[in-house]
S.K.: 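So that we are looking at the same thing, I have put the structure below in structure tokens.
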Amino acid sequence: MAATGSAPWQPQEEGLKEICGLLEQQISPSSSADKSQILQQLHHYSQFPDFNNYLVFILARAEGKSVEIRQAAGLLLKNNLRTAYKIMTPAHQQYIKSELLPCLGAADKHIRSTVGNIITVVVQLGGIVGWPELLQAFVSCLDSNDLNHMEGAMDALSKICEDIPQVLDSDVPGLAERPINIFLPRLFQFFQSPHASLRKLSLGSVNQYIMLMPSALYTSMDKYLHGLFGLANDPAAEVRKLVCAAFVQLIEVRPSVLEPHVKNVIEYMLQVNKDTDDEVALEACEFWSAYCEAQLPPGILREYLPRLIPILLSNMVYADDDESLIEAEDDESLPDRDQDLKPRFHTSRFHGSEDAEDDDDDSFNVWNLRKCSAAALDVLSNVFGDEILSTLMPIIQAKLAASGDEAWKDREAAVLALGAVGEGCINGLYPHLSEIVAFLIPLLDDKFPLIRSISCWTLSRFSKYIVQDSGHQKGYEQFDATLMGLLRRILDTNKRVQEAACSAFATLEEEAAEELAPRLEVILQHLMCAFGKYQRRNLRIVYDAIGTLADAVGGELNQTAYLEILMPPLITKWHQVPNSDKDLFPLLECFTSIAQALGTGFSQFAQPVFQRCINIIQSQQLAKVDPVSAGVQYDKEFIVCALDLLSGLTEGLGSGIESLVSQSNLRELLLQCCMDDASDVRQSAFALLGDLARVCPVHLHPCLSEFLDIAAKQLNTPKVKETISVANNACWAIGELAIKVRQEISPIVMPVVSSLVPILQHAEGLNKSLVENSAITLGRLAWVCPDLVSPHMEHFMQSWCIALSMIRDDIEKEDAFRGLCAMVRANPSGALSSLVFMCKAIASWHEIRSEELHNEVCQVLHGYKQMLRNGAWDQCMSALEPPVKDKLSKYQV
């Protein structure tokens with residue numbers, strides 16, 4: 001198939017026919033040929049160096065062939081170039097580029113679009129520098145006044161702006177100015193084109209530069225804004241949507257440029273927030289949250305609230321085509337399809353004060369005007385608080401009063417609105433809380449399922465205050481009515497209501513904690529009843545509610561009567577779900593919470609649970625190298641969940657886990673996990689390492705030096721910020737090991753200290769938990785090896801003491817201060833220059849519970865008082881604020 005000599009490349013008739021034939025079979029729906037065989041054949045051809053030349057020839061010149069075949073050739077070419085372009089000969093690259101450019105103005109729109117896609121890939125791989133003719137071709141087409149040429153060039157240009165905007169905003173050798181400077185004026189000109197397609201493509205292209213904000217755009221900002229206002233009432237909905245998107249992005253990225261025009265923009269957004277096209281209205285609705293977050297003066301928006309709030313409320317009513325209306329018909333007896341199950345992600349275990357926030361983001365469900373309007377109302381309520389109630393409440397009350405079946409959507413939207421402002425306006429609503437709750441509880445039994453489900457959600461938004469009020473008789477009755485109402489809905493026959501009720505109940509559990517104890521039996525009966533009847537998707541939410549219950553009531557759960565309701569169904573399920581099934585994740589998480597709550601009460605269930613975790617880790621580690629003999633596909637999430645459940649077991653059983661660990665190969669498996677390339681596996685592995693160090697360090701002993709080396713490496717990486725949670729857990733585990741193995745930690749003490757000091761010195765930019773754990777681990781190392789650490793103390797004393805003073809009183813802080821005292825004994829002069837900081841750290845204690853440590857701290861302070869003669873001690877004391885001095889008086893100085 002290869003051409004000879006240096007003559008211009010020409011295809012051979014035979015090859016052309018064969019490739020076209022294959023493409024025809026590939027795209028024909030009726031073709032009986034085996035598609036995988038065709039793909040194999042095409043793949044075989046792609047071994048020939050000029051195969052891609054044939055494809056571009058078919059795309060550009062095969063006039064006699066159908067557009068579909070030419071497009072298929074283009075699509076295959078685009079995919080091939082991703083891997084082949086950089087290894088092609090320059091002559092072949094040049095041939096492909098020269099064939100693409102004339103097609104920018106092709107008569108067929110689909111051919112033009114395909115060419116635009118391929119050009120973007122070539123620019124991605126070879127840059128603009130290697131293709132000077134491209135910019136010239138763009139300029140000629142844009143200036144040609146021929147619609148096909150203008151559209152073709154604009155389509156390709158818009159794709160470059162979308163995928164690789166930075167290439168147009170960089171210097172190109174041989175060009176006097178950056179390409180963006182050449183194109184911007186032409187793009188602005190197209191804002192006024194009579195053709196909607198050109199207006200849309202040009203505006204979309206300029207919008208891509210808002211984030212990058214090249215100086216060319218910044219200096220033409222007035223022209224851009226003028227263009228946006230000119231397009232504000234464009235007849236094409238797609239253009240109006242892009243105008244809204246531009247204002248939303250500008251207010252996020254450069255609010256200052258909109259400030260002089262902000263009233264006009266708000267007026268416009270109010271108008272398009274009611275646009276007949278839902279997508280335009282949705283884009284406009286994003287503006288309100290963006291405005292509030294841009295820290296522009298809220299006063300300007302305040303005067304528009306009486307007009308804005310009614311618009312948001314009317315957009316919160318379900319649209320007739322909302323997919324939720326169809327889903328709401330789903331009866332519980334219908335099994336879930338695989339595509340109904342949202343992908344779920346397990347968050348690895350984290351040791352420290354800043355646990356990742358749970359994001360209840362409904363990212364799986366479609367974002368629409370209703371949700372966006374409710375989110376905007378939520379943000380406004382947080383900015384303006386009770387001020388919005390005078391406008392909002394009359395509308396809510398009117399909607400709630402609307403009777404009759406046809407008005408159910410208005411009633412539903414009113415309940416949603418009440419929940420949306422439940423946080424921001426709580427001060428104004430709180431005096432009416434009992435009326436609101438009394439009103440919502442009967443709605444839990446409404447005949448419309450979506451009213452039942454939204455009432456669950458809105459009650460959960462007030463659950464914190466419902467729990468707060470439960471101290472007196474009337475408040476307790478209200479709390480109990482809410483609790484029982486949500487439990488009733490957990491057993492609803494409608495899947496959508498089940499989901500809302502379970503989620504709302506989990507929120508109530510978190511707020512109520514031990515208040516739930518008197519009702520445990522009835523709660524467990526309802527949850528286990530749901531467990532028996534739910535389909536797969538909602539079953540995950542029941543697991544969550546059971547886990548949250550265990551976290552909330554802790555040891556209260558450890559009673560035979562409760563365990564007899566709770567455990568048998570879970571154990572049955574445990575036997576039903578195979579090790580390769582992702583439905584195992586929420587079950588493992590649920591068991592983790594139960595094991596921690598029951599403590600030693602979990603011993604009777606521990607052996608099979610422990611063994612299964614070991615089996616899961618083992619088979620997944622095998623699957624990683626050999627999925628066939630493992631019989632499962634590798635998925636690291638199984639390992640993470642199993643490690644976390646082992647941590648939960650260790651935490652719950654304490655030293656009771658020792659017999660299980662001693663009879664297993666957990667140590668070797670854990671060592672492997674600590675070296676895994678996936679950071680979330682390492683994160684959970686170091687959490688388990690620390691937990692095991694606390695209760696049975698003897699079983700880690702044979703691999704102690706390996707564990708310590710790997711843990712130390714996690715702290716000494718330039719990418720510590722990217723894997724902060726791994727570093728955090730590794731740091732904590734080193735400290736836990738240190739206080740157990742004492743002197744044996746000495747080989748890694750100095751490497752670890754030299755990694756911890758920079759963390760303490762640059763604490764501002766880092767996660768609070770990592771800084772705290774670093775301070776504690778440094779103290780623990782100093783406590784067990786003071787002779788190694790104390791010679792260096794003047795390098796870190798100041799930043800270390802600052803970090804120590806931020807830590808709340810607990811046993812770990814005690815250890816750190818034991819280290820402080822041990823170092824001062826070994827090298828008293830090392831702390832002299834940081835004495836003020838040390839005093840502040842000591843004063844940060846509420847009280848030191850350990851009498852022995854309290855006495856040590858007294859000795860340290862007295863030692864310095866005696867050491868510093870001639871008024872030096874008093875000088876140090878005078879540098880302290882009065883509250884700090886007061887606190888130090890406890891230590892008799």
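Count residues from 1 along the sequence.
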S.K.: Find out whether His149 and Met154 are in side-chain contact, i.e. whether some heavy atom of one side chain is under 4.5 Å from a heavy atom of the other.
M.R.: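 In short, these two side chains do not touch, never coming nearer than 4.5 Å.
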
S.K.: Taking the side chain from Arg186 and the backbone from Ile182, do they hold a donor-acceptor pair closer than 3.5 Å?
M.R.: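 At least one qualifying donor-acceptor pair exists.
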
S.K.: Looking only at heavy atoms, what is the nearest atom pair of Ser460 and Thr507, with distance?
M.R.: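 Answer, listing the atom of Ser460 first, then Thr507: O-CG2, 3.8 Å.
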
S.K.: Would you please say whether a donor-acceptor pair under 3.5 Å links the side chains of Arg496 and Ser324?
M.R.: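 A pair is found: one side chain offers a donor N or O, the other an acceptor, under 3.5 Å apart.
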
S.K.: Quick check: does any side chain N or O of Ser503 sit under 3.5 Å from a backbone N or O of Ala500, one acting as donor and the other as acceptor?
M.R.: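 Not a single qualifying donor-acceptor pair exists.
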
S.K.: Just do the salt bridge (Lys or Arg N to Asp or Glu O under 4.0 Å) check on Glu279 and Lys241 with the steps written out, would you?
M.R.: CA-CA 7 Å; Glu279 288 195 19; Lys241 183 177 162 186; 2.7 Å; yes

S.K.: Is it the case that the side chain of Arg240 and the backbone of Val280 share a donor-acceptor pair, with hydrogens and angles ignored and the cut-off at 3.5 Å?
M.R.: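 No, because the side chain of Arg240 does not come within donor-acceptor range (under 3.5 Å) of the backbone of Val280.
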
S.K.: For Lys399, is the NZ atom crowded, meaning more than 12 foreign heavy atoms sit under 6.0 Å from it?
M.R.: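 Enclosed: over 12 neighbouring heavy atoms sit under 6.0 Å from NZ of Lys399.
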
S.K.: Is any side-chain N of the basic residue among Arg112 and Asp155 closer than 4.0 Å to the acidic one's carboxylate O?
M.R.: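 Between Asp155 and Arg112 there is no salt bridge, as every charged N stays at least 4.0 Å from the carboxylate O atoms.
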
S.K.: Would you say the side-chain atoms of Glu151 and Ser197 include a donor-acceptor pair closer than 3.5 Å?
M.R.: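 The criterion, which ignores hydrogens and geometry beyond distance, is satisfied for Ser197 and Glu151.
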
S.K.: Listed by chain and number, what are the side chain to side chain contact (heavy atoms under 4.5 Å, CB included) partners of Ser381, not counting sequence neighbours?
M.R.: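 Only Asp378, Ile388, Val421, Cys425 meet the side chain to side chain contact (heavy atoms under 4.5 Å, CB included) criterion with Ser381.
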
S.K.: Under a plain distance cut-off of 3.5 Å, with no hydrogens placed, do Gln683 and Asn728 share a side-chain donor-acceptor pair?
M.R.: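 Asn728 vs Gln683: no donor-acceptor pair found between side chains.
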
S.K.: Is it true that Lys200 and Glu238 have a side-chain N and a carboxylate O under 4.0 angstrom from each other?
M.R.: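 Looking at Lys200 and Glu238, the cut-off is met.
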
S.K.: Which residue pairs satisfy the salt bridge (charged side-chain N to carboxylate O under 4.0 Å, His left out) criterion with at least one member in residues 303-319, sequence neighbours excluded?
M.R.: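 Pairs touching residues 303-319 that pass the test: Lys263-Glu303, Glu267-Arg307.
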
S.K.: Is it true that atom CE of Met211 has more than 12 heavy atoms of other residues, nucleotides or ligands lying nearer than 6.0 Å?
M.R.: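 No.
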
S.K.: Return the orientation label for the Phe138 and Phe183 ring planes: parallel under 30°, perpendicular over 60°, tilted otherwise.
M.R.: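 Answer is perpendicular, since the angle exceeds 60°.
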
S.K.: Is Arg254 salt-bridged to Glu259, going by a charged N under 4.0 Å from an acidic O?
M.R.: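 A salt bridge is absent here (no side-chain N lies under 4.0 Å from a carboxylate O).
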
S.K.: With a 3.5 Å distance limit and no angle check, can you tell me whether Ser193 reaches the backbone of Gln189 through a side-chain donor-acceptor pair?
M.R.: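 It does not hold such a pair.
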
S.K.: Decide whether Glu293 and Trp288 meet the rule of one side-chain donor and one side-chain acceptor closer than 3.5 Å.
M.R.: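 No, Trp288 and Glu293 have no side-chain donor paired with an acceptor closer than 3.5 Å.
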
S.K.: Is the shortest heavy-atom distance from the side chain of Val726 to the side chain of Asp680 under 4.5 Å?
M.R.: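 With C-beta onward as the side chain, the pair stays apart.
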
S.K.: In chain order, what residues pass the side chain to side chain contact (heavy atoms under 4.5 Å, CB included) check against Lys409, with sequence neighbours excluded?
M.R.: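 With neighbours one apart ignored, the set is Val317, Tyr318, Asp320, Leu325.
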
S.K.: Check for a donor-acceptor pair, side chain of Tyr209 on one end and backbone N or O of Pro165 on the other, with a separation under 3.5 Å.
M.R.: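 Yes.
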
S.K.: Any chance OH of Tyr218 has more than 12 other-residue heavy atoms, nucleotides or ligands included, within less than 6.0 Å?
M.R.: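 Atom OH in Tyr218 is not crowded, with 12 or fewer foreign heavy atoms closer than 6.0 Å.
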
S.K.: May I ask you to check whether Phe191 and Phe188 place their ring centres under 6.0 Å from each other?
M.R.: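 Ring-ring flag for Phe188/Phe191: true, centres closer than 6.0 Å.
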
